[in-house]
Amino acid sequence: MKVVQSHKFVCQTVTQLKFHPSQIYCETCSGLIWIPVQSCFVCLECDYISHGQCLNSVKRICASVKVKENPCYVLEICPEKSLRNQNYRCAECKAGISFHTALTQPLLCDYSGNYFCSECHWGSLSVIPSRVVLNWDFHEYPVSKGSKQYLNLMMKKSIINLETINPKLFSFVEELAYVKRLRSDFMIMKEYILTCKDALEAKLLRLLEDRQHYVENSDYYSIQDLMDIDKKDLISYLEPIHNQFLMHITQDCVGCRGKGHVCRLCGQLPELFPFEISATQCEGCYSVYHRHCANKRDVVCPKCGRVNHTIK
Ligand SMILES: [Zn+2]
Ligand SMILES: [Zn+2]
Ligand SMILES: [Zn+2]
Ligand SMILES: [Zn+2]
Ligand SMILES: [Zn+2]
Ligand SMILES: [Zn+2]
């Protein structure tokens, strides 16, 4: 392995390559890589491809460095910087660029808003995080090579708190509101599962291991999550798991069922659980009641004495 600009380059043979060998270009010199006559090195972290002989000229730092040190997104839509601000130079390699001559046409990166030369911007397309979270727009736009690699590596990082960035989305993207409900249920259900021997033995939480952040919090999303919500894939993945948790806690497991609440407004069984649609919680003391019991006029929480307008 050869480390250059924090890339971890490994020489690849034709059979190891993920791409078709006729289309492989060196990202350092933009020339075709003639395999197997020329050696082809690929970065294990970001997939940067280079001729062996070009490795020492690699200028761009591996995208994985920023992913590790400061994983965050530009959340303005294409914040165009102007050529003047860039001194009429490519944002990456500093080659001169201008609209004045055809040879050095500046190319705009839709993610960063910077202009690049044609060596550093190959017109790769990518979904743009700011367009997703602000416009719910999943079209692909042209980005620089560096941005493309960074966005690829960031795809599954759950760092987007939609509730703070754009809470309005929840009111007009139905699927998103539904996923939010499922996720907040998971957080409540987790408490039951973690204290139930049978559920732990059955490894119920493992069902969510592909989306580990769903058992850690209910607020953060990755771009992959949002793309899957848009394609309706996420709901078909989450719903059966939600059902399985629900069945375990409210039906199948005596231990979990015993931790249910009896509505103190009506005293009726079966036990209620805070994640059930028919249940609601007092905002003062978190006692669990039937929604229809709590919503009656002039209801007072028997436990803490709050009147019903504070019961959700
Ligand atoms: Zn790399
Ligand atoms: Zn090269
Ligand atoms: Zn350049
Ligand atoms: Zn249980
Ligand atoms: Zn009740
Ligand atoms: Zn109360």
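Atoms within a ligand are numbered from 1 in the order they appear, just like the ligands themselves. What's counted below: heavy atoms across the whole structure, side chains too, no hydrogens, waters or symmetry copies.
With the Zn ion (ligand 1) as vertex, Cys43 SG and Cys46 SG subtend 110°, rounded to 10°. For Cys293 atom SG and Cys263 atom SG, the angle they make at the Zn ion (ligand 5) is roughly 120°, to 10 degrees. With the Zn ion (ligand 6) at the apex, Cys282 SG and Cys285 SG define an angle of roughly 110° (rounded to 10 degrees).
To the nearest 0.5 Å, atoms CG (Asn152) and CD (Gln149) are separated by 7.5 Å.
The name of the N, O or S atom in His7 nearest to the Zn ion (ligand 1) is ND1. Minimum-distance N/O/S atom of His290 relative to the Zn ion (ligand 5): ND1.
Between Tyr48 and His7, the distance from one ring center to the other falls under 6.0 angstrom. Between Phe273 and Tyr192, the ring centre distance stays below 6.0 Å. Ring centers of Phe186 and His242: under 6.0 Å apart, within the cut-off.
Contact annotation: His292 places no N, O or S atom under 2.8 Å from the Zn ion (ligand 5).
Using a 4.5 Å cut-off on side-chain heavy atoms (C-beta onward), Val143 and Tyr150 make no contact.
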